[in-house]
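The model shown is predicted, which means the values in this text are computed figures rather than measured ones.
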Amino acid sequence: MKKLEHAIEAIILASRWLLVVFYVGLAAALVLYAISFAGKLFDFVTKLFTLEETDTILKMLALIDAALVASLVVMVIISGYENFVSRFDNADGGEISWLGKVDAGSLKIKVASTIVAISSIHLLQVFLNVQQFTDSQLMWLTIMHMAFVVSALLLAYIDRLMASTKKTKGE
């Protein structure tokens, strides 16, 4: 019976390597998104001197938005792999110091704050084009943004509660 238990545990532990497919898939999606970003940048460069100031700001906000999304994907890939699959090693065999600083709890906070930043940029883009939206659309976009903000704050609060609980328990 103990051999069966060890075999099951080995299978469960090895199943974490299935996550690599997801992380490699996200890396491939990031390559495609980089190509999309290059297209946006090229479009911006070719129209730079013909754009109005508001349109220039909108194009730059779109580039910032893309950079935040790409950073979010990289954060999920690296911290997910580091937390759930395996540690990264550099060529000398030592741990790469800047990796592994994001645990699952702080990853949630970073993801939530990045989503709030992306939502803020999108909402700013909407407000710069306010004439293209109805009052109802503006209201719902603002409500959705506030839902992201409240969610991020609640996640941060819960993370803080859990950290203080660990300190009081001496963990």
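Under the 4.5 Å side-chain heavy-atom criterion for grouping Ile, Leu, Val, Met, Phe, Trp and Tyr, F22 is connected to V74 within one hydrophobic cluster. Under the 4.5 Å side-chain heavy-atom criterion for Ile, Leu, Val, Met, Phe, Trp and Tyr, V126 and M139 are members of distinct hydrophobic clusters. In the hydrophobic clustering of this structure, F49 groups with L51; members are Ile, Leu, Val, Met, Phe, Trp, Tyr whose side-chain heavy atoms approach within less than 4.5 Å, directly or through other members. Note on V73 and Y23: same hydrophobic cluster, where clusters join Ile, Leu, Val, Met, Phe, Trp and Tyr whose side-chain heavy atoms are under 4.5 Å apart, directly or indirectly. Residue V116 is grouped with residue V76 when hydrophobic side chains (ILVMFWY) are merged at heavy-atom distances under 4.5 angstrom, including chains of intermediate members.
Looking at every heavy atom in both residues, Y33 comes nearest to A70 through CE2-N, 4.3 Å. Across A62 and Q125, no two heavy atoms sit closer than the pair N-NE2, 3.2 Å. Taking all atoms of both residues into account, the shortest heavy-atom contact from H145 to S120 is CE1-OG, 3.0 Å. Here the closest non-hydrogen pair linking A117 and L68 is CB-CD1, 3.9 Å.
Distance check, rounded to the nearest 0.5 Å: CG of L41 to OG of S36 gives 11.0 Å. Taken to the nearest 0.5 Å, the CG atom of L154 stands 12.5 Å off from the CG atom of D159. Atom CG of L124 is separated from atom CG of L61 by 5.0 Å, given to the nearest 0.5 angstrom. For the atom pair CG (L138) and CD1 (I143), the distance works out to 11.0 Å, reported to the nearest 0.5 Å. Rounding to the nearest 0.5 Å gives a distance of 11.5 Å between CG of N83 and CD1 of I78. The CD1 atom of I121 sits 11.0 Å away from atom CE of M60, with the distance rounded to the nearest 0.5 Å.
Of the possible donor and acceptor atoms, none in the side chain of S119 sits under 3.5 Å from a partner among the backbone N and O of I115.
Proximity of M75 to T114: side-chain heavy atoms (C-beta onward) are separated by under 4.5 Å at one or more points. Taking the side chain as every heavy atom from C-beta outward, L155 and V111 never approach each other to under 4.5 Å. Using a 4.5 Å heavy-atom cutoff, the side chains of F44 and L63 are in contact.
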Before giving the answer on side-chain contact (heavy atoms from CB on, under 4.5 Å), spell out for L141 and F127 the whole-Å C-alpha distance, their side-chain angles and the decisive distance to 0.1 Å. CA-CA 10 Å; L141 288 168; F127 285 137; over 6 Å; no
What verdict does the side-chain contact (heavy atoms from CB on, under 4.5 Å) test give for L58 and D55, after you've listed the backbone C-alpha separation in whole Å, the side-chain angles of each residue and the deciding distance to 0.1 Å? CA-CA 5 Å; L58 287 170; D55 293 329; 4.1 Å; yes
What do the steps show when you test D43 against K59 for side-chain contact (heavy atoms from CB on, under 4.5 Å), and what is the final call? CA-CA 9 Å; D43 181 57; K59 294 276 187 190; 2.5 Å; yes
Return a table of donor-acceptor pairs under 3.5 angstrom between the side chains of residues 6-17 and protein atoms on other chains or two or more places apart.
unit_1: S15; atom_1: OG; unit_2: I12; atom_2: O; d: 2.5
unit_1: R16; atom_1: NE; unit_2: V85; atom_2: O; d: 2.7
unit_1: R16; atom_1: NH1; unit_2: L13; atom_2: O; d: 2.9

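Counting heavy atoms of neighbouring residues, nucleotides and ligands inside a 6.0 Å radius, atom CD of E52 does not exceed 12 of them.
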